[in-house]
Amino acid sequence: MNILNLFVIIPLLMLLALWCSRTLQQTRAAMVAGSTLLLALSVYLTIDFIALRNAGNTAAMLYCDSWSWYAPLNINYSIGVDGISVAMLLLSSIIVFTGTFASWRLKPMTKEFFLWYTLLSAGVYGFFISTDLFAMFMFYETALIPMYLLIGVWGSGRKEYSAMKLTLMLMGGSAFLLIGILGIYYGSGATTMNINEIAAMGNIAREVQYVFFPLTFIGFGVLGALFPFHTWSPDGHACAPTAVSMLHAGVLMKLGGYGCFRIAMYLLPQAAHDLAWIFIILTTISVVYGALSAISQTDLKYINAYSSVSHCGLVLFALLMSTRTACTGAILQMLSHGLMTALFFAVIGMIYGRTHTRDINKMRGLMKIMPFLAVTYIIAGLANLGLPGFSGFVAEMTIFVGAFETDDIFHRTVTIIACTSIVITAVYILRVVGRILYGEPENEEHKLLTDARWDERFTIICLVVCVAALGIAPMWVSHLIEGGVANIITNIQP
């Protein structure tokens, strides 16, 4: 059996085990067993992929397989991965695994929550292993639909409003995406929806690309928090339960950047080159606007949500620069932001679960009350503002160096503007750290609170280790993704 099929089969078996579970212990056991197996599988895949590359296998995609799914429309279940896909699978497995422990004490309806959570993760895994346009779209929708219930039922605050807003905006993006995919298929004259075969043909007319590139890029860009289609993201993050915020910001938003790069830019390269300036302006706005908006927030989750808008905008910004260095930085930023924001949302959820508030004006002196969570929040903040030694520094510096390689005034000007987000990020991170962690506790009830439990500590330690490992030793990731980046960039550059 092809190893990639296990990324779909294991979540399906998890769904069956969860459905059959009758007690909380059985539900937890099913989730731990399944998420651990997926993490081990992704680690093995990463090691084996690197070994194959080192042995001289230079194929664009490895572990490829295909079966006819619906012959009249040339739809196939086609799978395969390059280094970018492998990195995204590894990220997804880490977030699903840690999210399981972050939801260890979630109530009520724990079983039902994990059922939808697992279905969402199945869509994510399927999306990253698919090489067929229709199969990718199907898994994409599978990942989006559970978000409505996960937020609307288990969320907090204006959860129904946020869930509906998120669903409507993402479904609107999906409509654009479906039109774009059909335009690519029929415009290419292909007899297959396989991404690599359509790219190899390279016969989509320039005027056709001009029509369908904006639709496809916006369709994926909505999920990547592209300005002005980002407004669903802060509300969705703020109202989602902890594990869903982790998976949503850590992995689901990466589907947007991955799709823009893998489909919109790779299959429509001429339009991607000619129209990039329009979306570069929009992504520059996303980067700076998201950071400025975070400064004005007083809710911890909204601060991190707008920070995610800024950092995900940086991913799209780097991809549109279309240099190998910038695109490598974009993939590193996807990994870095996925780990950092998952860590942030995990810690914020744990603090909120104790204080029952996310308002920074109502919290103070948490370092004396819950030192483990406080120190972890500082670590997440330092990684977020790009402190050397953490993943954020490596990713952002690679992006800005790559973006500055394009030596015209426009590209260098927007790069300098985007660089201001580094300073703005430092402002809101240090402001929050100083406000809620230090000083004397002002709320007498907060003095009775406890620090992190074993399941929370385990979640946090796993994520901190990953953030530090990517920052200290990024070269193995660069080596992993370099072939996939080079293959797409070669097709994009005129």
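A quick note: this is a predicted structure, and the numbers were derived from the prediction, not measured.
Once rounded to the nearest 0.5 Å, the distance linking CD1 of Ile3 with CG of Asp65 reads 13.0 Å. Atom CD in Gln333 sits 5.0 Å away from atom CG in Leu314 (nearest 0.5 Å). Rounding to the nearest 0.5 angstrom, the gap separating the OG atom in Ser35 from the CG atom in Leu38 is 7.0 Å. Separation of atoms CD1 (Ile10) and OG1 (Thr118) is listed at 12.0 Å; rounding is to 0.5 Å.
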Under 3.5 Å, side-chain donor or acceptor atoms of residues 250-272 against the rest of the protein: list the pairs with distances, not counting sequence neighbours.
from	atom 1	to	atom 2	distance (Å)
Lys254	NZ	Ala249	O	2.6
Lys254	NZ	His337	ND1	2.9
Tyr258	OH	Ser85	OG	2.8
Tyr258	OH	Arg262	NE	3.2
Tyr258	OH	Arg262	NH2	3.2
Arg262	NH1	Asp82	OD2	2.8
Arg262	NH2	Asp82	OD1	2.7
Arg262	NH2	Asp82	OD2	2.9
Arg262	NH2	Ser85	OG	3.1
Tyr266	OH	Asn487	ND2	3.3
Gln270	OE1	Gln209	NE2	3.1

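Between Thr27 and Phe113 there is no side-chain heavy-atom pair separated by less than 4.5 Å. Side-chain contact between Leu89 and Leu45 is present, with heavy atoms from C-beta onward closer than 4.5 Å. Counting only heavy atoms from C-beta outward, the side chains of Ile399 and Leu332 never approach each other to under 4.5 Å. Using a 4.5 Å cut-off on side-chain heavy atoms (C-beta onward), Leu90 and Val86 make no contact. Put simply, the side chain of Leu24 reaches to within 4.5 Å of the side chain of Arg28, judged on heavy atoms. Side-chain contact between Ile460 and Val464 is present, with at least one heavy-atom pair separated by less than 4.5 Å. Between Ile218 and Phe279 there is a side-chain heavy-atom pair separated by less than 4.5 Å.
For Ser307 and Asn384, the side-chain atoms include at least one donor-acceptor pair closer than 3.5 Å.
Atom OH of Tyr44 has 12 or fewer neighbouring heavy atoms from other residues, nucleotides or ligands inside a 6.0 Å radius. A 6.0 Å sphere centred on CZ of Phe134 holds no more than 12 heavy atoms belonging to other residues, nucleotides or ligands. Within a 6.0 Å radius of CZ in Phe139, more than 12 heavy atoms belonging to other residues, nucleotides or ligands are found. The number of heavy atoms from other shown groups lying within 6.0 Å of CZ (Arg53) is above 12.
Taking the six-membered ring for Trp and thresholds of 30 and 60 degrees, Trp104 and Phe101 have nearly parallel ring planes, at less than 30 degrees apart.
Ring to ring, Phe317 and Phe400 are not that close: their centroids are 6.0 angstrom or more apart.
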Item checked: Test ring-ring contact (aromatic ring centres under 6.0 Å, His included) applied to Phe212 and Tyr185, step by step -> CA-CA 11 Å; Phe212 294 108; Tyr185 172 64; over 10 Å; no

